[in-house]
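Start at 1 with the first residue, then count along the sequence.
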Amino acid sequence: MTYEAFKRAEMEGWDARAAAYDVYTGKVTTAAIPTLLAMAETAPDKRFLDLCCGTGRAAGAASALGAVADGIDVSPAMVEYARLAFPLASFATGDAEAIPKPDDTYDSVICSFGVMHVTSPAKMLNEIARVLRPGGRLALSHWVGPPDSALFRIVFGTMQRLADMSVVPPSPPPFALSSEEAMRGALEAAGFSDVSIVRLPLTFHAPKGRFPEHFRAFAARAAVILDKQSDHVLREIYSDWEAQLEDSLTEDDQYHVPMPALAVSAVRNN
């Protein structure tokens, strides 16, 4: 299965979210960048790639540290925002499963939360190994899946029960690499060693009564499912979410929902 419809929907979804990315998604994902920069041993004059770069924050931070930074994203709109925000880095559109760079180009590659948005994580990891120099470092972040993630347990568990999945394009499993064992195995199969994995205690925030709006702006992959549902089904999903999120409300009527992530580093074998 090629998942071409899923791939197209992902690109269109992130294009549509580019203007608001830093307001919604970036509020959570940016917290992983300092850890990834350290894991990648980012330093002056090193060649650095921010893969699935979004609005370019990791590449921008790397260039501020003196690295020679590139960013690649499938979304043209994301790339345009990145170019405007971080002129010291170089950005281009491209496919993470066919990286448009020569072999042995980079000292380090970061991929912040891109794994669940490609059709084949194995192809992506093989491509990262190809463009890394021998001994180069990969640092990536990836969401922990349910049941250990309260956010994804609630949102995806409810959609699996209530959504009409027959109208949704087939897609690869989003959490196939969400366990440390699966991630380590995939990296070793792609030619990496010295794998190190830590957990990051990230949290999703939204005002009471506006969780669906914020989550749909946050997550392009979930929106692919939600955009295909009838108004009746959406009301059922949103009501179910609200009931399950009650325990996550703070005194100031804000949802604070845990969504931990893995931060992973590895070294390309010689």
List in chain and number order the residues that pass ring-ring contact (aromatic ring centres under 6.0 Å, His included) with Phe6, two or more places apart in sequence or in another chain; answer none if no residue qualifies.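 So Phe6 forms no ring-ring contact (aromatic ring centres under 6.0 Å, His included) with any residue.
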
Using a 3.5 Å distance criterion without hydrogens, assess whether the side chain of Arg83 forms a donor-acceptor pair with backbone atoms of Phe91.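 Yes; judged by distance alone, with no hydrogens or angles, the pair exists.
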
Between Glu97 (side chain only) and Val118 (backbone N and O only), is there a donor and an acceptor less than 3.5 Å apart?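 Flag not set: sc Glu97 to bb Val118 has no pair under 3.5 Å.
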
Please list, chain by chain and in numerical order, all residues satisfying side-chain contact (heavy atoms from CB on, under 4.5 Å) with Leu249, sequence neighbours excluded.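 Applying side-chain contact (heavy atoms from CB on, under 4.5 Å) to Leu249 gives Lys208, Glu246, Tyr255.
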
Taking the six-membered ring where the residue is Trp, are the ring centres of Trp143 and Phe175 under 6.0 Å apart?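 Centroid distance Trp143-Phe175: not below 6.0 Å, so no.
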
How long is the gap from [atom1] on [X] to [atom2] on [Y], to the nearest 0.5 Å?
X      : Y      : atom1 : atom2 : answer
Glu41  : Ser108 : CD    : OG    : 9.0 Å
Leu49  : Lys101 : CG    : NZ    : 7.5 Å
Glu180 : Ser196 : CD    : OG    : 9.0 Å
Tyr106 : Asp50  : OH    : CG    : 10.5 Å
Leu125 : Leu140 : CG    : CG    : 7.0 Å

Should [X] and [Y] count as side-chain neighbours, where that means a heavy-atom distance under 4.5 Å?
X      : Y      : value
His256 : Ser248 : no
His142 : Val264 : no
Phe204 : His214 : yes

Less than 4.0 angstrom from a charged side-chain N to a carboxylate O is my criterion; do [X] and [Y] meet it?
X      : Y      : result
Arg184 : Glu181 : no
Asp107 : Arg133 : yes
Arg57  : Asp22  : yes
Asp95  : Lys123 : no

Fit a plane to each ring of Phe215 and Phe211, take the angle between them on a 0 to 90° scale, and name the class: parallel (under 30°), tilted (30 to 60°) or perpendicular (over 60°). parallel

Above 12 or not: heavy atoms from other molecules or residues under 6.0 Å from CD of Glu80? yes

Membership question, hydrophobic clusters at under 4.5 Å side-chain separation (ILVMFWY): are Trp241 and Met259 in the same one? yes

Validation: residues 8-17 side-chain donor-acceptor distances under 3.5 Å, sequence neighbours left out:
residue : atom : partner : partner atom : Å
Glu10   : OE1  : Trp14   : NE1          : 3.0
Glu10   : OE1  : His117  : ND1          : 2.9
Glu10   : OE2  : His117  : ND1          : 3.3
Asp15   : OD1  : Ser75   : OG           : 2.5
Asp15   : OD1  : Ala77   : N            : 3.0
Arg17   : NE   : Arg216  : O            : 3.1
Arg17   : NH1  : Gly13   : O            : 3.0
Arg17   : NH2  : Arg216  : O            : 2.7

